[in-house]
There are 2 protein chains.
Amino acid sequence: MGAQADRAGTASDDLIELLFFAYRDFVGDPDRILAEYGFGRAHHRVLHFVDRYPGLTIAELLDILRITKQSLNRVLKDLIEQGYIEQKTGTSDRRQRLLFCSRAGADLAADLTRVQARRLARALADPVEAGETLPSGASTSAHSFLLSMIEPDERAAVRRLMARRTKGAA
Amino acid sequence: MGAQADRAGTASDDLIELLFFAYRDFVGDPDRILAEYGFGRAHHRVLHFVDRYPGLTIAELLDILRITKQSLNRVLKDLIEQGYIEQKTGTSDRRQRLLFCSRAGADLAADLTRVQARRLARALADPVEAGETLPSGASTSAHSFLLSMIEPDERAAVRRLMARRTKGAA
DNA sequence: TGAGATATGTCAACAACACTGACTTATATC
DNA sequence: GATATAAGTCAGTGTTGTTGACATATCTCA
C-alpha cells in the first residue's frame with residue numbers, strides 16, 4: 001500500500017475526531033444563548049423536542065432523551081415554572097401530560113434552532129477548501145449519513161417521530 | 001412553494017435532530033466498554049487524543065478538550081495511576097509533561113476506536129434505504145462536511161493537529 | 001544573576017446533569 | 001375491585017464541568 005493509507009482505517013479515524021470537534025462547536029452556539037436564561041443543554045434538548053413535536057408525552061420524551069424521569073423532571077420543572085412549556089392533561093388518557101411550548105418557549109426554541117441551522121447550512125453550502133466538493137445533494141447525503149449512524153434498531157423509531165412533523169406541512 | 005418545503009429550513013432542522021441521535025449512539029458504543037474499566041467519557045477523550053498524538057503536552061490537551069486543568073487532572077490522574085498513560089519530562093522544555101499511552105492504554109484506545117470506526121464505516125458504506133445513495137466519495141464528503149461544521153477560526157488548529165498524524169505514515 | 005513569565009499540580013467549594021431506589025397519586029383496564 | 005400504567009417526588013450518589021487561590025519547577029530576558 002502507498003504512503004497515504006498505511007494505517008488501517010485512517011479515514012474513519014479522522015472522522016471520529018472531526019465528529020468530536022464538529023459536535024463541540026455545534027452545541028457551543030446554543031450554549032451561549034442558554035446561559036443568558038440560566039439554562040443548560042438539558043433544558044435545550046427538552047425545549048427542542050417539545051417545540052418540534054407539540055403534545056409529546058412524558059414517556060415519549062423520556063424515550064427520546066434516554067434519561068430517567070427524575071433527570072427530566074428537574075429541567076422540565078424549570079421550563080414550566082418559568083413559562084416556556086405548558087402541560088395539558090391528555091384527552092384520551094387523562095394520566096398523560098401533553099407538553100407544549102408557550103409563545104416564549106417557541107421563540108426561544110426558534111433562536112436556538114436558528115444558530116444551529118445556520119451552521120449546518122453553511123457547512124453544506126461552503127466549498128470548504130481547495131479540492132473539497134460538496135455536491136448539490138449535500139443535504140440529502142448528510143441526512144442519509146447521519147441516519148445510518150443511528151443504531152439500526154432505533155432508526156424506525158426516529159423515522160416515525162420525524163414523520164410526525166412533515167405531515168402538517170401541506 | 002410546494003407542500004413539502006412549507007416550513008423554512010426544514011432540511012437543516014431535520015439535520016439538527018439527526019445529529020443529536022447520531023452522536024448519542026456514536027458515543028454510546030464506547031460507553032459500554034469504558035464502564036467495564038470504571039471510566040467515563042472524559043477518560044475516553046483524554047485516552048483518544050494521547051493515543052493519536054503521542055507526546056502531547058498538558059497545555060495542548062487542554063486546548064483540544066476545552067476544559068480546565070483541574071477537570072483534566074482528575075481523569076488524567078486516574079489514567080496514569082492505573083497505568084494507561086505515562087508522563088515524560090519534556091526535553092527542550094523540562095517544565096512540560098509529555099503524555100504517552102502505555103501498551104495497555106493503546107490497546108484500550110484501539111478497542112474504543114474500533115467500535116466507533118465500525119459504525120462510521122457502516123454508515124458510509126450502507127445504501128441506508130431505498131432512494132438514498134451515498135457515492136463512493138462518501139468518506140471525503142463526510143470529512144468535508146464535518147470540517148465545515150467546525151468554527152472557522154479553529155479549523156486551522158484542527159488541521160494542524162491532524163496533520164501531525166499523517167506525517168509518519170510513509 | 002535575578003525578576004518575571006510560563007507549565008504544571010493541587011486544594012477546596014460548587015453546579016449541572018446524570019444515576020439508583022423507594023414511594024405516592026391518579027387513572028385505565030380487565 | 002385488583003392490577004397495571006403514567007406521572008411526580010424524595011433522598012442520596014457519581015461524573016464532569018466550573019471558579020478561585022496558591023505552590024513548585026523551569027525558562028527567558030534584561
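Throughout, a chain's letter reflects where its sequence line sits, starting with A, and its residues are numbered from 1.
- Annotation: B:Tyr84 is in aromatic contact with B:Phe39 [ring centroid separation under 6.0 Å].
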Hey, what are the protein-to-nucleotides 23-27 of chain D N/O distances that come in under 3.5 Å?
residue : atom : partner : partner atom : Å
D:dT26  : OP1  : B:Arg94 : NH2          : 3.4
D:dT26  : O2   : B:Arg95 : NH1          : 3.4
D:dC27  : OP1  : B:Arg94 : N            : 2.9

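- In this structure, B:Leu79 atom CG and C:dG9 atom C1' are separated by 17 Å, rounded to whole Å.
- The distance from atom CG of B:Leu34 to atom C1' of C:dA18 is 16 Å, rounded to the nearest whole Å.
- Of the residues in residues 35-52 of chain A, those with a non-hydrogen atom less than 4.0 angstrom from any atom of DNA chain C are A:Gly40, A:Arg41, A:Ala42, A:His43, A:Arg45.
- A salt bridge is defined here as a Lys NZ or Arg NE, NH1 or NH2 lying under 4.0 Å from an Asp or Glu carboxylate O, and B:Arg114 with B:Asp29 fails to meet this definition.
- Between A:Thr68 and C:dC19, a side-chain N or O to OP1/OP2 separation shorter than 4.0 Å is present.
- For the pair A:Gln87 CD and D:dA7 P, the computed distance is 9 Å after rounding to whole Å.
- Neither OP1 nor OP2 of C:dC17 sits under 4.0 Å from any side-chain N or O of A:Ser71.
- Ion pair A:Asp31/A:Arg24 not flagged as a salt bridge, since none of the NZ, NE, NH1 or NH2 atoms sits closer than 4.0 Å to an Asp/Glu carboxylate oxygen.
- In this structure, B:Leu76 atom CG and D:dT15 atom C1' are separated by 16 Å, rounded to whole Å.
- Under a 3.5 Å cut-off, the side chain of A:Ser12 and the backbone N or O of B:Leu120 do not form any donor-acceptor pair.
- For the pair B:Asp78 CG and D:dG17 P, the interatomic distance rounds to 12 Å; values are reported in whole Å.
- Rounded to whole angstrom, the span from the CZ atom of A:Arg74 across to the P atom of D:dG8 amounts to 15 Å.
- A salt bridge does not link A:Arg165 to B:Glu17: none of the charged side-chain nitrogens sits closer than 4.0 Å to a carboxylate oxygen.
- By the 4.5 Å heavy-atom criterion applied to side chains, A:Leu99 and A:Gln87 are counted as neighbours.
- Of the charged side-chain nitrogens involved, none lies within less than 4.0 Å of a carboxylate oxygen, so that A:Asp78 and A:Arg74 do not count as a salt-bridged pair.
- Taking the six-membered ring where the residue is Trp, B:Tyr23 and B:Phe26 present tilted rings, their angle falling between 30° and 60°.
- Distance CD1 (A:Ile80) to P (D:dA7): 12 Å, rounded to an integer number of Å.
- Taking atom CG of A:Leu98 as the reference point, atom C1' of C:dT27 lies 14 Å away to the nearest angstrom.
- Counting only distance, with no hydrogens or angles, the side chain of B:Arg94 and the backbone of B:Thr89 share no donor-acceptor pair below 3.5 Å.
- A:Gln70 contributes a side-chain N or O that forms a donor-acceptor pair with the base of C:dG21 under 3.5 Å.
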